[in-house]
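One structure is given here, and the rest of the page talks about it.
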Amino acid sequence: MQQLVEKNMEYPFEHKGHKVYPNTFLENTSVSMFAPDGKCSYDETFDQRFATAIERDFQIQPDSQKFKESGILCVEDDEHIVSYLFYPNQARLRVGRKKYISFNESVVPMLVPMKNFIFNVMEYKAVEKMLVRKLNVFPIKGDSDDEIIENLETAYNFMFKDDLIKQAKDVAIPETAPWILSLRRAKLGDDESEMTVRIAVSKAKTEKMYNVILDTSVKQRDAGEIEEGAVDRKLRDLNDKLYDAFLWSVNDDIVALMEGEVKK
C-alpha cells in the first residue's frame, strides 16, 4: 500500500495566490461535511425544524417522514448544475462548471443550507470532518481505445508534471466503471490534512472523444470538533490546498491554455 509522502516532498504545496482564469477545465466542485456517527436523533420538534429550514433554503415542501425512513434528501436546481444531498450524519454540495466562478464567490454562499441542516435541523454542535473535491476534465481525440492506451504516457506527460507522474501509481479500475481506460492515484499528506490526486482516462459520450481527468480531494486529518463559526474558514483552507495541488500537477502548457483568450 502506498504510504503518504514525507513533508520534504513539497506537501503542503507553496501557496501562490488565487487567480480566476478566462478558460477552465474544472467540471465540478464538491464539499462534504460529516457529523459524529451514532448521534443522530429525531426529537419531537424535528419535523418542524426540517420543514422550516428546507422551505426557507429551497422553497420546497419536504416530507420529513420520508427523509427519516429513507435517510436521504436530494435537492437540485432545474439544470442539475447545483445539487445538495442530505443524510442524517452528513451534507454534500456539488457545483458544476456553469455556476462556478471561484470558491469564495460561488461555493461559500451555497454552504448556508448545509450548515443550517447540520447545526439547526440535526442540532449537531460541531462537525468532525470536512472534504473538498475538484474534478478537472481535459478532452482529447482518439480513434480507438487501443490508440489512447498506446499514447497514454504522451498525453499524461503533456498535461502533468513529472513529480505527479512519479507519485501516481496504477490502481485497479472498479468493475462499475467500464468506461475508464486508465487510473492512477497519489496520496499526499501532512499532520493536518490528507490529499488524494487521481489521474485517469475515460471514454466520452461523443464518438472518438476521450477525457483525461484530474480528480483531487483533500480532507482534514483528525479534525476533531469544528464549530459552525469555523466551517467557512477551514473549507477555504482546504480549497487553497486543492488550488495549489492543481498548479503542482499540471504543466505550463495547460496553464497557458487557461490564460488564453476565451474559447467561443
Side-chain angles (χ1 to χ4, degrees), residues 1-30 97 103 131-174 177 179-204 209-219 221 237-260 263:
M1 185 180 213
Q2 186 181 4
Q3 300 298 314
L4 297 176
V5 300
E6 300 295 332
K7 289 183 182 179
N8 60 8
M9 296 295 289
E10 286 195 78
Y11 188 84
F13 309 114
E14 178 185 359
H15 186 50
K16 299 183 178 180
H18 286 278
K19 179 178 180 180
V20 176
Y21 294 93
N23 297 303
T24 180
F25 296 97
L26 184 62
E27 190 68 19
N28 62 65
T29 300
S30 61
R97 177 200 299 264
F103 193 84
L131 180 145
V132 181
R133 185 175 183 178
K134 291 190 171 183
L135 186 71
N136 286 270
V137 176
F138 309 91
I140 59 173
K141 293 182 178 179
D143 289 329
S144 67
D145 296 357
D146 290 340
E147 180 192 15
I148 290 295
I149 293 173
E150 182 179 350
N151 295 294
L152 187 58
E153 293 302 324
T154 300
Y156 279 167
N157 287 326
F158 172 76
M159 295 181 180
F160 303 123
K161 290 178 180 173
D162 289 343
D163 285 347
L164 173 60
I165 299 297
K166 292 175 182 177
Q167 293 285 342
K169 306 300 181 183
D170 286 307
V171 295
I173 297 173
W179 60 89
I180 296 179
L181 304 181
S182 168
L183 179 61
R184 300 180 188 178
R185 180 179 63 206
K187 285 185 175 291
L188 309 104
D190 58 15
D191 291 341
E192 297 181 354
S193 57
E194 180 178 324
M195 179 176 293
T196 302
V197 181
R198 303 174 186 86
I199 56 176
V201 172
S202 67
K203 298 181 181 181
M209 290 298 298
Y210 295 81
N211 292 320
V212 177
I213 297 168
L214 176 63
D215 180 1
T216 56
S217 60
V218 62
K219 64 181 179 181
R221 182 193 300 280
D237 290 344
L238 292 177
N239 179 67
D240 285 348
K241 292 179 182 292
L242 286 189
Y243 179 83
D244 298 334
F246 177 84
L247 293 179
W248 171 79
S249 298
V250 299
N251 275 325
D252 293 341
D253 291 329
I254 297 297
V255 177
L257 288 173
M258 295 170 62
E259 292 175 333
K263 299 174 182 178

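Numbering of residues begins at 1 and proceeds along the displayed sequence.
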Exercise for the section: Would you sort out whether M209 and K141 count as a side-chain contact (heavy atoms from CB on, under 4.5 Å), showing the intermediate values? Expected result: CA-CA 5 Å; M209 290 298 298; K141 293 182 178 179; 3.3 Å; yes
Heavy-atom check, side chain of [X] versus side chain of [Y], under 4.5 Å:
| X | Y | result |
| --- | --- | --- |
| I140 | M159 | yes |
| F25 | I254 | yes |
| V212 | I199 | no |
| L257 | N23 | no |
| T196 | K219 | no |
| L164 | Y156 | no |

Nearest-0.5 Å distance that lies between atom [atom1] in [X] and atom [atom2] in [Y]:
| X | Y | atom1 | atom2 | answer |
| --- | --- | --- | --- | --- |
| R133 | N28 | CZ | CG | 8.5 Å |
| Q167 | K187 | CD | NZ | 13.0 Å |
| S193 | L242 | OG | CG | 9.5 Å |
| M258 | F246 | CE | CZ | 4.0 Å |
| I213 | E27 | CD1 | CD | 9.0 Å |
| L188 | E194 | CG | CD | 10.0 Å |

Judged by atom type as modelled, is there a donor-acceptor pair below 3.5 Å linking the side chain of [X] to the main-chain atoms of [Y]?
| X | Y | value |
| --- | --- | --- |
| D215 | R198 | no |
| N136 | L26 | yes |
| Y210 | D145 | yes |
| K161 | L247 | yes |
| N211 | S202 | no |
| N239 | V132 | no |
| Y243 | G17 | yes |
| N251 | D253 | no |

Considering all heavy atoms, the nearest [X]-[Y] contact:
| X | Y | result |
| --- | --- | --- |
| T24 | R97 | O-NH1, 2.9 Å |
| G260 | P22 | O-CB, 3.5 Å |
| H18 | D240 | NE2-OD1, 2.5 Å |
| P174 | L183 | CD-CD2, 4.4 Å |
| S249 | L214 | CB-CD2, 4.1 Å |

Practice task
Give the C-alpha distance, both sets of side-chain angles, the deciding distance and a yes or no for side-chain contact (heavy atoms from CB on, under 4.5 Å) between M195 and F13.
Solution key: CA-CA 11 Å; M195 179 176 293; F13 309 114; 4.2 Å; yes
